[in-house]
Structure formats: C-alpha cells, structure tokens
Amino acid sequence: MSVFDYNTQPGFDLISETPNAGTTVDPKEVQLWFGPQHPGITGNMSVQLWMEGDSIKRGITHVGYLHRGFEKLMERRKFIQSFPIVCRMCVAEPDTTEYLLASSLEELSGLDKEVPEKAQWLRTLIMEMSRLQVTLMVLGGQVGTMGMGTAPNWTYTLRDFLLDSFEELTGGRVYHMYIAYGGVRRDLTKGFAQRLEATLDLIEERLPYLDDLILNSAVFQARTKGVSVVPTEWADEIGITGPTLRAMGVASDVRRDYPYLKYPELDFDICTAEGSDIYARTKVRRDEISQSIHIIRQILQMMPHEGAYCAKLPNMLTWTIPAGMTYTRAESSRGEMGFVMVTDGSDKIRRVHLRGPSYTNAVTILERMLPGMNIADLSATMVSLQTCPPEIER
Amino acid sequence: MELLPKIGWTALSLFVGINYGFVINGIIRKVMARIQGRFGPPLWQPYIDMGKLLFQRNSIMHGYMHWLGPVFRSVGGIGVFVLVPIVIGDPRLAGFSEMGDLLLVMYFMFFGSLGMALGAGEGGHPHSPIGVSRGLSQMTAFEVPFILSIIALATAAGSFDINAIVAGQQGGVLQWNFFSNPFATAAAFIALLGMNMYAPFNIVGAPTEIPVGPATEYQNTYFSLMMIGRSALAIGKMVLFMNLFLGGAHSVLEALVKVIVIYFWSVFVGAVFPRFRTEQSVRFFLRWPTVIGVAGVLFAQLVRS
Amino acid sequence: MFDFNHSNLDENGNPGAEIVSRIHDRFGNFPVHVQKPDLIRLNVPQTDIIPLLSWLRTETPFVQLTHLTAIDWLEEDEFELVYLITAPSLCISLMVCIRVNREKAEAESVFNLWLQAETYEQELHEMFGIHFPGSPRQGVPFILEGWQDMPPMRRDFDTVEYCNRTHPERPGREHHDSRIYVGRKFGEKGYLK
Amino acid sequence: MRKFDPDRPWDLTTLPTTMAPKGSKPHAPTDDRCFLGAGDVPAAPKLQEAVATIKNWFRASSLNVLAFGTGCGAIELRPLSTSRFDMSRFGISGAPSPRQANVFIISGYLSTKTLKRVIRSYEQMPNPKWVVALGSCTINGGMYWDSYNTIKVLDLYMPVDVYITGCMPRPEALIAGFDYLMQDIKKGEANGWHHYLENLEWYRDNQKKVITDWDLPNYSW
C-alpha cells in the first residue's frame with residue numbers, strides 16, 4: 001500500500017548510522033549536518049544529509065533539541081497552571097494551543113455551554129489575528145530563504161504592528177495567555193477596533209508591493225514552480241492537513257469541516273492552489289492573508305459590544321474535572337492542531353498529547369522528499385512546509 | 001615616468017581606491033537598509049568591522065595553503081586595480097596600464113577566485129567545496145558574455161589596450177561605447193551583475209543554503225585581508241567598466257562619480273530579487289546575454305567594415 | 001466500499017451510527033461512547049486492532065490516521081493506545097482504543113497502513129517503552145539523547161527527583177511553589193478561598 | 001608570552017593566542033607566527049592601556065551574533081534585526097558560522113541535547129567572545145524547574161556575560177542588554193571567555209554531569 005518503500009536507503013543501518021556489512025560507501029558521498037546551527041533551518045532542529053556535490057542523496061530529520069517534557073509537566077500542574085505551558089508549545093502561534101486546552105477541558109467538565117457569546121467572538125478574533133501574523137511571517141521568510149532581504153523586513157514590520165495590537169489586548173507580545181477557562185481574560189480596550197482596522201488597512205495597502213516582490217517575481221517563480229512537489233496520494237497516507245493539503249487543490253479546512261467558535265457565522269473562502277509545489281503553498285498563504293483580514297473585519301463588525309467576557313468559574317485551585325477522554329481540534333496556520341485530553345477525576349490532567357501538522361511535515365514528508373533535492377531548495381522547502389520544531393517534540 | 005614615483009603614485013591611488021571601496025560599502029549598507037525600511041548601520045561601519053577583525057584572535061588554521069587563499073584573493077584584486085588607468089592622460093594615475101592589456105586584467109580577475117578556491121578547499125568543511133564549485137561554474141558562465149563584449153570593443157578599437165579603447169571614445173558622450181555599441185554594453189553589464197555577486201547571483205556564500213560558502217572556515221585576520229582584496233577588486237572592476245563603456249574619466253571627481261553609478265546598478269537590482277539556483281544562473285548567462293554578446297561582436301564588425 | 005452518506009443519520013442527527021453498526025456487525029459488540037457528534041470512541045480488544053484498522057483504511061472513508069498516542073494507567077497496570085482515525089469526506093473521527101499489558105508492552109505496528117505511524121511509534125517507544133515489532137526506527141533515538149533512566153512519560157517516572165539529582169539549582173532558591181511566596185505576603189493560606 | 005595578570009584584566013594582550021587549554025591536544029598548529037598579536041613586544045603600561053582601550057572600543061562597536069536559535073527567544077531576534085528595531089544601527093549583525101561570530105545569544109532554556117551543540121559552537125568561536133542569555137529559564141530554570149530535560153543554571157556550563165530577564169524579553173530589552181554588554185566590553189570587564197579557558201576543567205566536569213553520552217573532543221577547535 002505504501003507509495004514509499006522505507007528501504008530506499010540501501011545498505012544503511014539507521015540505528016548505528018553506519019553502512020551495513022557487505023556494502024561499500026560511495027567515496028563521492030559527503031555527510032553534512034544542516035543545523036541546528038544554521039541560518040537556513042527553521043527553529044532549532046537539524047537534518048543530517050548525505051550529499052553528492054550539490055544534490056542530496058538522502059537525509060534524516062533530527063528533532064528533540066527543544067524537548068521540555070511539557071506533557072509530563074502538565075500532569076504535575078493544576079488546570080489553571082497549564083496555560084503558561086501550552087502557549088509555549090508553538091512559539092509563533094500560541095493562541096491555538098491555548099484555545100485547544102481551554103475547549104477540551106471545558107468540554108470534559110461541561111463548562112463549554114456557559115462560555116458567553118462575547119468570549120467566543122473574542123476567541124475567534126485572537127485566533128484569526130494569530131493566524132494572520134504567522135502567515136505574514138512565513139510569507140516573508142519564504143523569500144528570505146532565497147536570499148532577499150527586502151520582503152522579510154517589510155512583512156516582519158507589518159507583523160510587528162499586529163503584535164502591538166496583541167500587546168494592547170493581552171499584555172504580551174508573543175505569549176498571550178489570553179484565552180482562559182470559560183472565556184477570555186480581558187475585554188477589548190477602548191478604540192481597539194479602530195487601531196486594529198488601521199493596521200489591517202496598512203497591511204492591505206502593502207500587499208500589492210509584496211506580490212510584486214514575491215509571487216510575481218520571475219526569479220521566485222523560477223525557483224519555486226515544480227520544486228518540492230508533495231504527491232497527491234500522500235494526502236491520505238501521511239495525513240496531510242492545512243496549506244500543504246490546500247496547495248494540492250483540496251478545499252479542506254478545520255474551520256469549515258469541524259465548525260468551532262464563531263466560524264460558521266463568518267463568510268470566508270478556503271484558498272486553494274494547484275501544483276502542490278512551493279509556489280502553490282506560497283500562493284495559498286498569500287491568499288489566506290487577504291481572507292484573514294476579511295474575517296477580522298467581519299468579527300469587529302459583528303461582535304456584540306455588551307455582555308460578559310468570561311463565565312462564572314469555580315475555584316481554580318480546587319477545581320476537579322470528571323474522568324473522560326476527548327480530542328479537540330482547531331485550524332492553525334500550518335494545518336490541523338489537536339489535543340488528546342484525558343482526565344481522571346482529579347485536579348490535574350491525566351494525559352495530554354498535542355497533534356501538530358509539523359509532526360508529519362517535518363519528519364515524514366521532508367525525509368521522503370529529500371532524495372534528489374538540491375541543497376539550495378532545502379531551506380525553502382522547510383519554510384513552505386512550515387516546520388515548527390517545538391510542536392514536534394514539545 | 002620614472003619607476004619609483006610611479007610606484008608611489010600607484011600605491012597612493014590603491015590606498016585611496018581601497019578606502020573608497022570601504023566608503024561605498026558603507027553607503028551600500030545604508031541604502032539597502034533604507035530600501036528595506038531600516039535605519040541602517042553607520043557609514044563608517046566597514047571600518048569598525050575591519051578594526052574589530054584585526055583585533056580578534058585566530059583560533060584555528062588549516063595549513064599554510066588555507067592561509068594563502070585570502071592572499072591570492074587580495075593579489076587578484078590589487079592586480080586588477082593597478083593595471084587599470086584611472087584618469088585619462090595623467091601618467092600619475094594611469095597605474096601600470098601601459099604594461100598590460102585587457103587580457104592580463106581578466107587573468108587577474110580569474111586568478112583571485114582560483115586562489116581563494118585553492119585555499120578554501122583546504123578548510124575541509126563541506127560548505128567550502130560546494131561554494132567553490134558554485135562560484136567557479138557561475139564565473140565560467142558570466143565570463144562568456146563578458147569576453148564576447150570585450151572582443152566587440154577590441155574589434156572596434158583595434159587593440160586590447162585599455163588606453164587605446166579609452167582614446168577611441170573621446171569627443172563627446174555619443175562616442176562612448178555605452179552608446180556606440182549597445183549590444184556589447186548590455187552583455188557586459190549583465191555579466192557585471194554576476195561578477196558583483198548581488199542577488200539574484202549571490203549563490204556563492206548563500207547564507208541560508210551553504211553559510212558563507214568558501215569562507216566558512218575563515219576567521220578574523222583572514223577576513224580582513226579578504227575585505228581589502230574585495231574592495232580593491234570591486235573598485236578596479238568599476239574603473240575598468242568606466243574605461244570600457246563610459247569613456248574614462250578626465251578628473252578624479254568624475255571617476256569617483258562614475259564608479260559609484262556603475263556600482264549601484266547591481267545593488268539596486270540585488271535589492272528586489274531572490275537568488276537563482278546554480279544551474280539556473282549558469283543557464284541564464286549562457287542564454288540571452290551570450291546571444292546579445294554575439295550580436296555585439298557582429299555589430300562591431302559591421303560598423304568597422 | 002459500502003455506500004455511506006449523510007442520510008444515514010440516527011435520531012440524534014449523528015452520522016456515525018452507520019459506521020458503528022457496521023463495525024458491530026463485522027467485529028462484534030465493542031463498547032462505544034459518542035463523545036461528540038464528530039468523535040466516537042471504541043474500546044477494542046488488542047487482537048482485533050489490525051483487522052479493524054485495515055478494514056477501515058481500505059474499505060471505508062476512514063483513511064487518515066490523525067494521531068496515535070498512549071495513556072499510562074498505572075493503577076490498572078495497563079497502557080491504553082489511542083488510534084485517531086478520520087474520514088475527511090465525512091468529517092467524523094473514530095477514537096479506537098486498545099489496552100496493552102504494562103509489563104510486556106507490545107503492540108502491532110500500523111506502519112504498513114499509514115506512513116507517519118513510523119514516527120508516532122518511534123516516539124511512543126522512546127517515551128513509554130512500548131515496543132512495536134516490525135516498525136522501522138524502533139530504538140532509534142528520536143527526542144532524547146543519551147537517556148539512561150526509564151522512559152520519561154511513564155507515570156512512575158518522577159521528574160522532580162530526577163531533576164534534583166541531575167540538574168543543580170542556583171543557590172538561594174528555597175521553593176518552587178509560588179503559593180509560599182504569596183503566603184508570606186498575603187497571609188498563611190496563600191490564597192483566598 | 002607573558003603570564004596573565006589578574007590585577008590587570010583589561011590587558012587582553014597578555015593572553016596566549018593559541019589558547020591550548022591544559023591537557024588538550026589541539027589539532028591546530030601551534031606555530032605562533034601564524035597568529036596575529038603573538039609576537040607583541042611588551043610596551044609601556046600606559047601605551048598598553050591605551051591600545052587595549054582602542055581594541056575594546058572596536059570590539060564593542062561591531063558585534064556579530066551567531067545564527068543559532070537555541071530556544072523560544074529566537075522569535076524576538078527576527079524583529080530585532082528587521083525594520084522595526086534594527087539592531088544594525090548599533091553595529092550588531094548576524095554571523096552564519098561560529099568562526100566569524102563573537103556573540104552567542106542563548107535564547108531561552110537549554111535542553112541537554114542542545115547544550116552539547118551549544119558548547120561545541122561556543123568553543124569554535126574565536127576569542128574574545130561573549131554570551132548573552134535570555135529569559136528566566138537560563139537564570140534559574142524558570143517555569144521548567146522540574147523538567148527532566150532542561151538545565152536550570154546556565155553559568156555552570158558556560159560563562160555568561162549578560163543575563164536579560166523576562167519570558168521572553170522584548171526587543172527593547174535585548175537592545176538594553178546589548179548596551180550593557182558594549183559598556184562592559186569597553187571597560188574590559190566582559191571576560192567570561194577568559195574565565196572559561198582558565199576554569200575549563202571545572203566547566204567540563206559540570207558539562208559531563210548532564211551530558212551523559214559525552215563524545216566531544218577535549219576542546220572543539
């Protein structure tokens with residue numbers, strides 16, 4: 001059934017990292033570590049490569065440089081103490097994991113019916129803002145891996161203006177800890193909507209320039225079209241989600257398929273592209289920026305101005321949740337993220353396991369795409385798959 | 001002119017040239033920063049970097065060949081610089097241009113990179129040979145349109161002597177090769193993009209692919225020597241292009257202005273493009289620029305006959 | 001491939017009823033728990049897991065392995081393996097749970113059905129010590145390096161004790177419980193009831 | 001080569017240039033002639049002081065940060081280097097290879113697996129070099145105080161010149177931290193690298209206690 005035979009690495013023993021007995025090592029082969037100390041790597045991970053000249057013969061992904069044992073730590077913490085931990089599971093996009101923790105425990109404790117209307121709107125708002133800022137970052141980073149400094153500088157600055165909005169809303173630039181059980185921590189400040197609107201206008205105004213620099217650039221198209229194609233049949237076999245899947249032309253999105261929060265009431269398109277190469281994935285991201293801006297504007301318009309933003313909560317230090325097991329999912333900028341959450345009636349989490357799209361993207365897909373790839377494309381491929389190591393090893 | 005004063009004047013011009021290279025480097029950093037929306041480093045940052053590199057300690061050495069790499073590189077740069085006349089008719093600023101012609105200049109341009117490749121290979125890091133092979137294949141590729149364009153100019157002037165080519169362009173702006181042979185000019189200026197190693201042709205030391213490329217194992221003092229060599233080579237190349245296409249210079253000021261104008265051609269192109277892959281870069285140079293270069297040669301023959 | 005569409009709803013509007021009855025017909029009466037409309041939990045004996053998953057993968061729309069994880073039930077001396085199988089066309093997930101013995105933790109590999117199971121099984125082997133015979137990379141270090149203690153995600157692994165033993169602390173730090181610091185400031189209890 | 005004088009820590013010229021620590025077998029050649037500054041003639045103390053001041057000023061005004069994002073703090077390094085905060089204003093730029101870097105930013109917690117790579121990269125950097133450690137995690141373990149895989153106190157394993165508190169420190173805090181580092185360098189007080197070489201055995205003992213599969217050379221040149 002597998003399209004990929006695992007043994008495409010003939011005569012090579014993965015455990016001892018040495019050639020098997022009876023096989024010879026190709027003298028032209030050079031071993032090269034791509035990371036962890038490398039400007040082209042995404043985060044702190046590494047790819048061990050066997051090279052022949054410029055092209056890669058095979059490679060292995062190594063992760064674990066960021067392992068902190070979050071899941072073990074959360075088994076030792078009270079429910080409320082888990083919030084500072086979950087948001088560090090994915091550094092760039094902390095709100096998704098916060099929402100997953102809150103919603104899964106609310107579901108198991110029956111609190112989910114008490115979450116007020118306004119809190120749901122605020123949660124939708126911050127999750128969409130978070131998706132927007134990551135997508136901006138990745139769009140610039142994509143062309144940054146190909147040696148252009150101008151576009152990343154612009155997108156990072158636009159993202160920084162969004163971070164200012166986050167700071168105003170939550171008090172933190174990167175880690176927000178905004179979503180809490182039963183709602184959110186804080187109401188909108190006065191005039192927040194106007195300031196966020198101004199930032200969105202600015203982003204929208206700059207987008208045509210970014211298009212000219214990135215998607216319409218002849219060199220970028222030459223570098224990315226037909227490069228690092230993810231075969232369509234891997235979609236089921238590997239369980240691909242998110243922009244990687246949408247770049248194959250499949251309109252799949254957790255926000256539409258498993259509606260959560262206020263997304264069913266919002267009007268948005270699912271951006272797809274054809275080709276499944278780096279260009280298609282970049283195009284999907286570019287279109288999602290416009291969609292996210294569109295969604296945030298709708299939220300700001302439709303959101304009720306009155307009402308509570310958090311439900312009445314039990315004492316968080318003595319809160320216990322009945323035994324149960326569930327799986328909650330949400331759409332992050334990379335694809336489907338989910339929590340398998342198990343409770344056992346005590347005041348601590350029994351077991352939690354994060355399902356992240358990078359898990360398949362950075363290990364299973366990347367390793368299978370490496371043979372035959374040019375080393376010049378490796379960094380661009382990793383950014384286009386949006387590999388996020390803290391999410392793999394937690 | 002006597003040999004001794006000549007050496008003195010050439011050394012002086014070399015010193016000024018290298019410093020001008022540093023200044024231009026500072027301006028480029030500032031201009032690039034402004035394009036990217038940043039404030040940018042101070043203009044004298046290259047000088048501070050240079051001083052810092054000299055005051056850091058080297059901790060490793062991969063044999064004397066490794067150490068000689070930057071030396072070869074600087075020799076190549078200095079060789080180019082001293083063989084190109086700067087101001088027309090001024091024997092003090094003509095360097096040793098009457099002792100060598102364009103072919104020798106081109107030899108020195110190649111020599112620096114080859115020497116660097118020899119030294120870099122000694123470092124033993126896999127990035128070095130990959131960077132060297134990338135750099136040499138791109139260099140061979142952009143040499144083709146460049147040589148074609150030079151053949152065109154030499155056909156028009158009837159000589160490979162730079163002074164003769166400059167002399168043939170006097171008597172008005174329209175006499176410049178820039179206007180009299182647009183095909184050769186186009187081919188050479190596209191080749192210049194490759195020579196200057198700004199995007200989309202900065203494939204040698206591509207930081208996100210093979211960080212620093214050939215210079216991966218080079219350190220402080222080696223780096224400062226390479227900075228000097230690169231500065232001399234860059235200014236030498238710009239002065240050469242000024243002589244070949246922009247009719248030379250009648251005063252030092254004119255030379256300074258023309259050099260910076262030619263330099264910024266590749267800087268501005270580099271600001272808005274990502275980089276090519278190696279084989280794309282090679283294919284790029286061997287396609288249209290080569291055709292334009294051939295057209296330039298034919299055009300020169302036509303005009304002459 | 002059986003005909004499966006949204007018209008086969010049960011009285012609660014749950015499209016999963018059809019697949020549950022199919023599984024019951026074919027493999028016997030497993031305990032079923034409907035967690036929410038798009039998530040159904042099945043508790044399956046260990047021997048039935050591979051036939052069930054192969055059948056799901058080849059003959060039903062449940063073609064994606066979304067997640068594979070383990071839970072350590074130390075009190076019952078068992079590991080629970082959770083296979084999360086998703087039908088992208090129906091937007092329903094099945095949580096297929098099996099129990100394996102904790103002493104001789106071994107389960108069959110599903111690598112032949114889903115490629116990415118290789119990584120999940122590699123991680124479970126490292127973090128829980130569950131062995132999946134036939135799965136590639138069993139025993140290849142994935143996250144930890146030079147680990148010599150028991151697999152760290154097991155419940156009986158005491159991370160604080162390990163931490164105090166190996167990672168020295170900055171002198172002068174007395175407690176890690178913020179309640180004690182708060183207590184010093186706001187009163188003995190440390191928090192308001 | 002003269003002996004290092006602890007009363008004159010600013011006098012960097014007294015240090016041996018090839019830096020072969022005790023008990024290690026460097027595979028770098030020990031030919032001192034290849035290394036700049038090896039044959040320095042002892043000059044008058046006033047002059048030495050002046051030269052050291054100039055050297056330190058240059059070193060402080062051009063810092064190259066190694067491109068190694070060891071933890072979550074790395075996400076604030078990008079805003080720091082791009083348009084909004086632009087660290088190149090202060091002469092700080094990135095260096096892709098440890099051979100050309102002289103500042104190491106430890107951006108957050110270190111797992112033991114990363115610590116090994118960090119030590120290796122740190123030793124490969126040429127002297128003098130400085131370490132900036134971000135976040136509560138490097139100071140006392142922060143929120144990971146009971147995690148089995150992260151170290152708690154960074155300065156047991158490598159010398160730290162500047163700690164920046166916060167989780168994570170804002171770009172402004174990073175700029176302030178760099179400002180402190182520059183002042184220390186100019187005063188000649190940022191001598192962590194020298195402390196590391198002098199107490200290499202103590203650092204090695206600590207490192208080997210947490211890195212169970214130690215396979216690094218005695219000193220990574």
Side-chain angles (χ1 to χ4, degrees), chain A residues 28-35 37-42 49-56 140-158 160 206 209 212-224 227 278 282 373-380 382-383, chain B residues 28-29 31-41 121 123-138 193-194 197-213 216 267-284 287-288:
Chain A
K28 284 186 288 184
E29 220 171 79
V30 178
Q31 204 188 111
L32 181 64
W33 280 82
F34 196 86
Q37 193 276 304
H38 194 290
I41 202 91
T42 51
L49 300 173
W50 283 267
M51 312 271 307
E52 197 179 296
D54 235 8
S55 67
I56 298 163
Q142 182 69 65
V143 75
T145 58
M146 298 177 185
M148 196 219 272
T150 311
N153 269 290
W154 292 1
T155 56
Y156 268 94
T157 311
L158 293 176
D160 230 272
R206 297 286 164 84
Y209 296 96
D212 283 346
L213 277 181
I214 302 174
L215 286 176
N216 300 343
S217 164
V219 181
F220 182 78
Q221 292 183 6
R223 271 298 295 269
T224 53
V227 174
I278 299 181
T282 315
M373 189 191 279
N374 193 311
I375 193 177
D377 295 326
L378 178 53
S379 181
M382 290 179 71
V383 172
Chain B
I28 287 173
R29 287 195 201 181
V31 168
M32 282 295 245
R34 297 324 291 247
I35 292 174
Q36 294 171 355
R38 291 187 288 126
F39 188 78
H125 198 286
H127 289 156
S128 304
I130 296 177
V132 163
S133 70
R134 283 175 168 212
L136 290 186
S137 37
Q138 177 173 279
L193 293 179
M197 304 244 192
Y198 283 95
F201 303 106
N202 53 349
I203 59 170
V204 177
T208 49
E209 297 161 12
I210 43 161
V212 215
T216 305
V267 172
F268 284 136
V269 170
V272 292
F273 280 112
R275 74 171 82 84
F276 272 132
R277 266 198 304 272
T278 317
E279 80 275 6
Q280 284 172 337
S281 164
V282 169
R283 215 174 288 148
F284 175 85
R287 214 175 269 168
W288 284 109

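Letters go in sequence order (proteins before strands), and every chain restarts at 1. All values below were derived from every heavy atom in this structure, side-chain atoms included, with hydrogens, water molecules and symmetry-related copies excluded.
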A:T157 portion near chain B, given a 4.5 angstrom heavy-atom threshold: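 For A:T157, there is no contact with chain B at all, as no heavy atom is under 4.5 Å.
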
Contact origin within A:V227 toward chain B - heavy atom pairs under 4.5 Å: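 For A:V227, the side chain is the part near chain B, not the backbone.
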
Which heavy atom of [X] sits nearest to which heavy atom of [Y], and what is that distance?
| X | Y | value |
| --- | --- | --- |
| A:L215 | A:Q221 | O-NE2, 2.9 Å |
| B:M197 | B:N202 | O-CB, 3.3 Å |
| A:M382 | A:F34 | SD-CE2, 4.5 Å |
| B:S137 | B:V282 | O-CG2, 3.8 Å |

Between [options], who has the most heavy-atom pairs with chain B when the cutoff is under 4.5 Å?
| options | answer |
| --- | --- |
| A:D54, A:I41, A:D377, A:N153 | A:N153 |
| A:S217, A:A151, A:P152, A:A222 | A:A222 |
| A:V219, A:I375, A:L32 | A:V219 |

Specify which of [options] makes the most heavy-atom pairs with chain A at under 4.5 Å.
| options | answer |
| --- | --- |
| B:P126, B:G37, B:P211 | B:P211 |
| B:M32, B:R134, B:R38 | B:R134 |
| B:H125, B:H127, B:R275 | B:R275 |

Ion pair B:E279/A:R223, N-O distance below 4.0 Å: no

Parallel, tilted or perpendicular: ring planes of B:F284 versus B:F276, cut at 30 and 60 degrees: tilted

